[in-house]
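The structure presented is a predicted model; accordingly, all values stated were derived computationally and were not measured.
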Amino acid sequence: MAAANDESVINIDGLDLEDKLKWLKEILENGRERFGQLEANGSLVTFIDKLAEQKIISSFNKKNLDKLKEQSEIVEELHRILPTKGWDNFKKARDILYEIFPHFKDEGIWDEDKVDDLPVLSIKYSSVSEDTLAVEHDGATATTAQDADDVDGLFSTTSRAPSEPSKSEPARSRSDFSALPSYSMTNRRHKGICLIINNELYDKARTAHKDFKDRRGSSKDADSIKEIFSKLGFYVESQKNLTKSKMDKLVDMMVNFQGLNTYSCFVAVFLSHGENECLNCVDGQDKKIDDIINAFKGDNCPALNGIPKWFIIQACRGKDFNYEVSIQHDAPGDEGHDVERQSDKPISIPACADFYISYATAPGYYSFRNINEGSWFINDLCKVLREYSHKEDVNTMMTRVNRNVALGRVVASEFGYRRQMPCHVNMLTSALYLCNVRQSQI
C-alpha cells in the first residue's frame, strides 16, 4: 500500500497536478515485468487501437508502435509514451487495459496502491535570515583526527576586503549586447521552474557506518534560493534529504514531467556533500553529476530543447584546499582572433546546447559553508542576483560571484589562507537574462 509522509494512503486524485504526475512513471514501472509478459496478439493490438481512438496516444505514436515487430520493443515504447500523457489519460488507459485483460485488474497491475512512496513535490517560498559564526566545508569527512565529528573551531574565520577593491561600474544597457540574441522568458506559458534539492541530514549514512556529517547552515542556502527565484517569477519545487533511490526517481520524474514544455527556463540547485564529480546522497551513496545533467540533454529531454538549463551545484569536488597566491602581471602576447562561421539559420542544435553549469568550487577542491549564513558560493550568488538580475545576464553575474568569492572570502589556517574559486561551464547559445530589462531591482 502506498504511504505518504504523514498518511497511510495517498489519494492521487486529490493531489495537485505536479504531485499526480510524479506517480505515473513509478506506477508503470511497477507493472512493467507483468505487462511485458503479454503476447503480441490481437488483444495487444486492440489495446493500442483503443488508446489511439480515445486520443490517449497520438497518430504519430501509433504509427511508431505499428512499425515495431518485437514484443519487448512495443512494451518499451508504451512505457516511454504513457508517462508523457498525464494522470487523467493514464487512468483512461488503465480502464482500457482492465477491459481487455481483466486479470490485470485482479493482479493490481498499474494500481497506485501497489507502489512505494515517492517524495512529494510542493511549491514553497521562504524568507532569508542571516547570522555568522563558524565555517565548515562540504566534503563528507572532517579534515583532522582531532575533529573527526565536527570541523567547527578547526579554522578561524577571517573577513578581509578583496585584494583589489571593487569599482562601481555603470550598468550596461541591453543594446550593448545587440550582436548576441537573448533567450525569451515569455515564449512559453510559464517563465521558469526551479528545482531545489537540499541534502542536509546524513544520519542514514552514519547508520550505514559512513563518515558523513550533517550540513549545518544548508537550510539558509535553500531559503535564499527559494526567495530569489520566487521573486523572479519562477515556480519553486523543493526536496530535502534524498537517498540515492529517491534522487534517481526525482530526476526521472522531472525529465518526464508532462508540463515541462510550458516553462521558458529550467533551473536545478543541488546543495549536498560531494566528491569526485559526484553528489553524496543522504544514505551515503553517490549520484554522478554527469548522469543528472545528461538526463536533461536534448536527446533525453526534448521538452527543454532550445530552453536554457542552469544547474547550480553547491558541493565539494575533492579534498584539496585552494591556498592563496600572489598575483603577477601577464606578459604581453599575441591576441587571439575570433572566427565567426557565417551560415544559414541552423535547423538543429547539439544535444548538450543551452546548458549553464555553476560549480561552487573548481575540480578537486573543497567548498566552504558557514553554519549560520550558509555556503560562501550560494550566499554571494543570491546577493548578486538581488542586485544585478534586473540588468545583467547570468554569465556576467557569475563572473561577479567568482570575484566576490575568490577575492572577498578567506579562511585562515596554520598552513596559510584558504580560498575558494567557483567555476562555470557555459554551453548557452544566447544571453540568459532572468528579468525584463526594465524590471526594478528584486
Side-chain angles (χ1 to χ4, degrees), residues 135-145 147-151 154-155 195-218 221 239 241-252 268-297 300 309-323 352 355-369 375-378 381 398 402 405-406 411 413 415 418-427:
V135 173
E136 296 182 341
H137 59 74
D138 269 332
T141 58
T143 56
T144 66
D147 235 328
D149 294 325
D150 201 333
V151 181
L154 181 60
F155 310 123
L195 172 67
I196 302 172
I197 295 176
N198 177 23
N199 286 341
E200 185 172 9
L201 304 179
Y202 280 79
D203 51 302
K204 291 181 180 178
R206 292 192 293 273
T207 301
H209 306 291
K210 296 184 179 182
D211 190 11
F212 286 82
K213 300 174 301 162
D214 291 341
R215 298 182 59 256
R216 295 180 297 170
S218 186
D221 287 345
Q239 286 295 306
N241 303 322
L242 299 188
T243 62
K244 170 66 161 50
S245 174
K246 288 190 175 183
M247 180 85 79
D248 289 341
K249 290 175 180 177
L250 183 63
V251 170
D252 190 58
V269 183
F270 297 88
L271 311 171
S272 180
H273 280 311
E275 187 181 2
N276 299 326
E277 305 309 310
C278 291
L279 299 177
N280 303 132
C281 299
V282 297
D283 56 355
Q285 297 189 58
D286 292 342
K287 176 68 175 178
K288 290 183 178 180
I289 294 173
D290 277 352
D291 288 348
I292 296 173
I293 293 171
N294 287 338
F296 290 89
K297 287 184 176 179
N300 296 319
K309 297 164 279 288
W310 186 12
F311 289 79
I312 301 170
I313 300 167
Q314 169 57 47
C316 286
R317 303 177 73 187
K319 294 187 176 181
D320 289 336
F321 288 106
N322 216 334
Y323 289 98
C352 58
F355 280 83
Y356 196 92
I357 306 165
S358 295
Y359 294 95
T361 189
Y365 289 97
Y366 278 121
S367 61
F368 292 98
R369 172 175 29 83
S375 65
W376 291 2
F377 174 61
I378 297 297
L381 182 148
M398 290 307 100
N402 284 359
V405 174
V411 169
S413 77
F415 302 106
R418 291 166 173 168
R419 292 186 179 271
Q420 181 176 323
M421 184 69 242
C423 81
H424 312 272
V425 179
N426 186 353
M427 292 178 281

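Summarising the geometry of R419 relative to A406, their closest heavy-atom pair is NH1-O, 3.0 Å, with the distance given to 0.1 Å.
For the atom pair CG (L271) and CG (L279), the distance works out to 10.0 Å, reported to the nearest 0.5 Å. Rounded to the nearest 0.5 angstrom, K213 NZ and H273 NE2 are separated by 6.5 Å. Atom CD1 of I292 and atom CD1 of I313 lie 7.0 Å apart (nearest 0.5 Å).
Side-chain atoms of S367 and W376 form no donor-acceptor pair, as typed in the model, at a separation below 3.5 Å.
Counting heavy atoms from C-beta on, the side chains of R317 and C423 come closer than 4.5 Å.
Salt-bridge check for K288 with E277: failed, with every basic side-chain N at 4.0 Å or more from each acidic carboxylate O.
Applying the side chain to side chain donor-acceptor pair (under 3.5 Å) test to Y359 and every residue at least two apart in sequence or in another chain returns nothing. Listed by chain and number, the residues in a side-chain contact (heavy atoms from CB on, under 4.5 Å) with D203 are L201, R206 (sequence neighbours excluded). Residues forming a side chain to side chain donor-acceptor pair (under 3.5 Å) with T243 (at least two apart in sequence, or on another chain): none. Scanning for side-chain contact (heavy atoms from CB on, under 4.5 Å) contacts around E200 gives N198, S218, S219, K240, N241, with sequence neighbours left out. Legend: residues meeting salt bridge (Lys or Arg N to Asp or Glu O under 4.0 Å) with D286, ordered by chain and number and at least two apart, are absent. The side chain to side chain donor-acceptor pair (under 3.5 Å) test applied to N276 returns no partner, not counting sequence neighbours. Among residues two or more places apart in sequence or in another chain, the ring-ring contact (aromatic ring centres under 6.0 Å, His included) test is passed with F270 by none. A search for side-chain contact (heavy atoms from CB on, under 4.5 Å) contacts involving K244 returns D248, C281, D283, Q285, K287, not counting sequence neighbours.
Ring orientation note: the planes of F212 and Y202 are close to parallel, at an angle under 30° on the 30°/60° scale.
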